[in-house]
Amino acid sequence: MAALQLPKYNKAIALSQVIEEMVNNPSLYATVYLRLLKEDIYVIVGAPNTREFYASNFDSNVSIMQLKNGNIPVFTDPDHIYDGGVIHKEVDYMKVKGRSFFELMLGATVEVNPFSKAQITLKPDLIASLLDTSFFTLKKNTLDNTNQDITINRTNNTPLVFLEHSIQYFDSIPSVYKAYIATILDKKIENKPHYIIALECSEIDKKELTRIINKLSKFCMEDLKNEHFIEVITLEKNHPYYSFFISNIIPFYMKPTP
């Protein structure tokens, strides 16, 4: 059995580490977004000795640094300011609460840990959505799983373009013979459901599953306007969600029987 699971909200795990894991696990976007809003972030102030930056006065009291492309760099920890050796000398920085900073920077594009191996870019429309409480609002008419902390929904707004691309892709993957879609909510760590794709497969190794997940993640980012992550599981008889999908969801993909 292989699955991508959202972790519990745990500040003991560095946010930068979660961002690194998110590269291969798009379902972690929700956790990263929530933590960026709730936790402190760090921004460079003053004029560091590097051509990569220039100053822009967003506030009359402080000069916040921008990248030369106009984006604002923020860091989950001061140590990440010096990742990659882009900045060679010590610079001044300030600690701000994530939500407060994003509210101040509405209309700007923000790059999180831009010099680290794993970074993310938050465009103005996404930042506005994150600050809107409706982005993290629980949908109604849910169907509860046996685990009281997990709620699975039949999806009401079918992502047709995403499914069309997925169907075409599955036709080229012999091991995938059925695919289902629903939405899932872990009530302990998130406020908005995300899509879950359940695959019935013949024998499949971890490397092939990783390729499938990466491909579906690419479709997700390209095709979905309001959903930024998916979860992918292989559906076996001993999987806790097996009965739910088999009994309640019609597959959106089935290979023709020979």
Within one Ile-Leu-Val-Met-Phe-Trp-Tyr cluster: [X] and [Y], side-chain cutoff 4.5 Å:
X	Y	result
Val161	Leu163	no
Ile72	Met94	yes
Tyr33	Ile13	yes
Val43	Leu106	yes
Ile173	Ile213	yes

Non-hydrogen atoms of [X] and [Y] that approach each other most closely:
X	Y	answer
Val18	Val32	CG1-CG2, 3.8 Å
Ile19	Ala118	CG2-O, 3.9 Å
Leu185	Pro193	CD1-N, 3.7 Å
Tyr42	Lys95	OH-CD, 3.5 Å
Ile250	Tyr180	C-CD2, 4.1 Å
Lys38	Lys97	O-CD, 3.2 Å

Evaluate side chain to side chain donor-acceptor pair (under 3.5 Å) for His194 paired with Thr183, printing each intermediate quantity in order. CA-CA 5 Å; His194 60 274; Thr183 57; over 6 Å; no
Side chain to side chain contact (heavy atoms under 4.5 Å, CB included) evaluation trace for Ile64 with Gln66: CA-CA 7 Å; Ile64 298 174; Gln66 287 182 284; 5.9 Å; no
Can any side-chain N or O of Lys255 pair as donor or acceptor with the backbone N or O of Lys178 at less than 3.5 Å?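 No.
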Ignoring hydrogens and angles, tell me if any N or O in the side chain of Asn113 forms a donor-acceptor pair with the backbone of Thr76 under 3.5 Å.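 At least one qualifying donor-acceptor pair exists.
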Side-chain contact test, heavy atoms from C-beta onward, threshold under 4.5 Å: evaluate it for [X] versus [Y] and give yes or no.
X	Y	answer
Val96	Asp40	no
Phe102	Val110	yes
Ile127	Glu103	no
Leu199	Tyr253	no
Phe101	Val74	yes
Ile246	Glu200	yes

Without hydrogens or angle criteria, can the side chains of Asn71 and Glu111 be said to hold a donor-acceptor pair below 3.5 Å?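 Short answer, yes.
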Answer with yes or no whether the side chains of Asp77 and His80 bring together a donor and an acceptor at under 3.5 Å.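 No - no donor-acceptor pair under 3.5 Å links their side chains.
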Say you draw a straight line from [atom1] of [X] to [atom2] of [Y]; how long is it, rounded to the nearest 0.5 Å?
X	Y	atom1	atom2	answer
Lys215	Ser172	NZ	OG	8.0 Å
Ile212	Ser217	CD1	OG	11.5 Å
Ile196	Glu231	CD1	CD	4.0 Å
Leu104	Arg99	CG	CZ	14.0 Å
Thr234	Ile204	OG1	CD1	7.5 Å
Ile181	Ile249	CD1	CD1	9.5 Å

Hey, can you tell me if Phe75 and Phe115 have their rings parallel, tilted or perpendicular (30° and 60° cut-offs)?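 Judged by the thresholds at 30° and 60°, the geometry between Phe75 and Phe115 is tilted.
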Side chain to side chain donor-acceptor pair (under 3.5 Å) contacts in which one or both residues fall within residues 160-169, not counting sequence neighbours: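 Found His165-Asp223.
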Please determine whether side chain to side chain contact (heavy atoms under 4.5 Å, CB included) holds for the pair Val91 and Ile81, giving the CA-CA distance in whole Å, both sets of side-chain angles, and the decisive distance to 0.1 Å. CA-CA 9 Å; Val91 294; Ile81 293 173; 3.9 Å; yes
Please lay out, stage by stage, how Ile197 and Phe162 fare under the test side chain to side chain contact (heavy atoms under 4.5 Å, CB included). CA-CA 11 Å; Ile197 306 296; Phe162 170 77; 3.8 Å; yes
Decide yes or no on side chain to side chain contact (heavy atoms under 4.5 Å, CB included) for Cys220 and Tyr195, but give the supporting numbers first. CA-CA 10 Å; Cys220 175; Tyr195 286 121; over 6 Å; no
